[in-house]
Amino acid sequence: MPTTPSAPAVLRTAFQKAVASYWNTNQQDPVNLRLGEVDDLYHHHYGLGDYDPSVLEGPAETREQRMIEEMHRLETAQADVLLDHLGTVTPQDRLLDGGSGRGGTSVMAHQRFGCAVDGVSISEYQVGFANEQARKRGIDDSVKFHFRNMLDTGFETGSRRAIWTNETTMYVDLFELFGEFSRLLEFGGRYVCITGCSNDVQGLRSKAVSRIDEHYTCNIHPRSAYFKALAANGLTPINVVDLTPATIPYWELRAKSEVATGIEEAFLTAYKEGSFHYLLIAADRV
């Protein structure tokens with residue numbers, strides 16, 4: 001197993017250092033932490049599906065906790081949808097979680113498939129948090145998180161049956177990223193991406209999309225860029241699913257909660273005006 005790269009090799013640019021600093025210092029973000037406390041499964045993404053309106057009813061003193069639990073159900077459902085598209089995975093396979101956050105999807109993948117999973121992140125805080133969660137669950141021999149750059153992981157060529165990114169591709173160059181994933185995947189291996197992307201049919205990005213960029217220190221790519229970069233790196237889409245209608249309820253519920261951050265209006269505006277799409281793309285290595 002290659003040794004973990006040194007910090008200078010992981011954080012190669014000023015932008016990457018800024019992104020890492022954002023996530024390293026945003027340790028007490030109440031959204032992901034409060035939701036993860038429901039069942040000790042910590043995600044770092046948004047949700048899918050209609051929320052149960054009854055959570056807004058009943059005693060006021062317990063309403064916020066009902067909303068937290070419902071949002072956590074929706075974010076876990078999102079991870080399930082991603083895993084549904086990974087194809088056939090056996091316990092002997094190895095998977096990679098690119099930009100693994102606090103590790104929730106990696107834990108779920110191991111629970112579902114029984115295989116080894118490696119997660120990589122440029123946030124040392126996220127890596128430490130996720131490894132501690134794996135240790136607490138007794139799965140740290142199979143689920144490991146590394147302080148590495150997903151553009152240059154250091155893992156062996158052809159060593160992965162499947163790779164996924166869950167709301168992380170807006171932090172990197174897509175051609176460079178998909179080149180690395182194409183190298184890592186075995187022939188016929190699967191890459192699955194869930195991401196927000198701007199709708200370039202409408203031209204330049206909207207004010208709402210620009211606001212999301214600013215809030216998360218990211219660079220949201222246009223929809224067309226994903227398919228150009230996939231094709232250039234031998235990754236052929238087999239499924240493309242527009243998840244936009246399914247994610248709007250999550251944002252509507254979050255906007256009503258105490259963990260709202262103020263970015264909810266920008267997401268809802270962008271989704272509803274059509275300037276922003278929430279896509280799942282599954283592609284095979286050919």
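None of the values given here were measured: they were computed from a predicted structure. The figures that follow rest on heavy atoms only: side chains count, while hydrogens, waters and symmetry mates do not.
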**Asked** Is it true that a side-chain atom of T76 and a backbone atom of H72 form a donor plus acceptor pair closer than 3.5 Å?
**Response** yes
**Prompt:** Taking D152 for the side chain and N149 for the main chain, is one N or O donor matched with an acceptor at less than 3.5 Å?
**Reply:** no
**Prompt:** Side-chain contact, heavy-atom cut-off 4.5 Å: V38 with I68?
**Reply:** yes
**Prompt:** What is the distance from atom CG of N24 to atom CD of E124, rounded to the nearest 0.5 Å?
**Reply:** 6.5 Å
**Request:** Using modelled atom types only, decide if a donor and an acceptor are shared between the side chain of R135 and the backbone of D140 within a distance under 3.5 Å.
**Result:** no
**Request:** Establish, yes or no, whether the cationic atom of R160 lies under 6.0 Å from the six-membered ring centre of Y191 and within 45° of the ring axis.
**Result:** no
**Message:** Are there over 12 heavy-atom neighbours, none belonging to E176, within less than 6.0 Å of that residue's CD?
**Reply:** yes
**Complete:** On a heavy-atom basis, the closest approach of N199 and G274 is ND2-O, 2.9 Å
**Asked** Between Y51 and Y250, is the ring centre distance below 6.0 Å?
**Response** no
**Message:** Return the CD1 to CZ distance between I212 and F276, rounded to the nearest 0.5 Å.
**Reply:** 4.5 Å
**Prompt:** Counting only N and O atoms by type, is there a donor-acceptor contact under 3.5 Å from the side chain of S123 to the main-chain atoms of A20?
**Reply:** no
**Asked** Considering residues at least two apart in sequence or located in another chain, which fulfil the salt bridge (Lys or Arg N to Asp or Glu O under 4.0 Å) criterion with R285?
**Response** none
**Message:** Rounded at 0.5 Å granularity, tell me how far OG in S54 sits from CG in L56.
**Reply:** 8.0 Å
**Asked** Who passes side chain to side chain donor-acceptor pair (under 3.5 Å) against E252, sequence neighbours left out?
**Response** K272
**Message:** Has H221 got a side-chain atom pairing as donor or acceptor with V172's backbone, closer than 3.5 angstrom?
**Reply:** yes
**Message:** Assess whether a salt bridge exists between R73 and E70, defined as any Lys/Arg side-chain N lying under 4.0 Å from an Asp/Glu carboxylate O.
**Reply:** yes
**Item:** Value rounded to 0.5 Å, distance of CG in D97 from NZ in K144
**Value:** 15.5 Å
**Asked** Among all residues two or more places apart in sequence or in another chain, which pass the side chain to side chain donor-acceptor pair (under 3.5 Å) test with E186?
**Response** R161
**Prompt:** Which pair of heavy atoms, one from T90 and one from C115, lies closest together, and at what distance?
**Reply:** O-CB, 3.4 Å
**Prompt:** About how many Å separate OH of Y226 and NE2 of H277, when rounded to the nearest 0.5 Å?
**Reply:** 13.0 Å
**salt_bridge(D84, R112) N-O dist < 4.0 Å** = yes
**Prompt:** Does the E265 side chain pair with the main chain of G262, one donor and one acceptor, at a distance under 3.5 Å?
**Reply:** no
For residues 234-243, run the donor-acceptor check on the side chains, cut-off 3.5 Å, and write out each pair with its distance to 0.1 Å, sequence neighbours left out.
from: D242; atom 1: OD1; to: T244; atom 2: N; distance (Å): 3.0
from: D242; atom 1: OD1; to: T244; atom 2: OG1; distance (Å): 2.6

**Asked** What are the two closest heavy atoms between H110 and S142, and how far apart are they?
**Response** CE1-CB, 3.5 Å
**Request:** Output yes when a side-chain donor or acceptor of N131 lies under 3.5 Å from a complementary backbone atom of F145, and no otherwise.
**Result:** yes
**Message:** Under 3.5 Å, is there a donor on one side chain and an acceptor on the other for Y216 and E167?
**Reply:** no
**Message:** With rounding to the nearest 0.5 angstrom, report the CG to CG distance, L41 to L35.
**Reply:** 10.5 Å
**Message:** Run the ring-ring contact (aromatic ring centres under 6.0 Å, His included) test on H85 and W164 for me, step by step, so that the C-alpha distance in whole Å, both residues' side-chain angles and the decisive distance to 0.1 Å come before the verdict.
**Reply:** CA-CA 10 Å; H85 285 79; W164 72 84; over 10 Å; no
**Asked** If we ignore angles and hydrogens, is there a donor and acceptor under 3.5 Å between the side chains of T153 and E180?
**Response** yes
**Prompt:** Do W251 and Y46 have their ring centres less than 6.0 Å from each other?
**Reply:** yes
**Prompt:** Looking only at atom types and distance, does a side-chain atom of D118 sit under 3.5 Å from a main-chain N or O of L96, one as donor and one as acceptor?
**Reply:** no
**Fill in**
side chain to side chain donor-acceptor pair (under 3.5 Å) filter on T168, not counting sequence neighbours, yields none
**Asked** Is the side chain of R205 donor-acceptor paired with the backbone N or O of I220 at a distance under 3.5 Å, no angle test?
**Response** yes
**Message:** Going by the rule side chain to side chain donor-acceptor pair (under 3.5 Å), which residues pair with S275 if we only count those two or more places apart in sequence or in a different chain?
**Reply:** S206, E273
**Message:** Using modelled atom types and a 3.5 Å cut-off, is there a donor and acceptor pairing between side-chain atoms of Q78 and backbone atoms of H45?
**Reply:** no
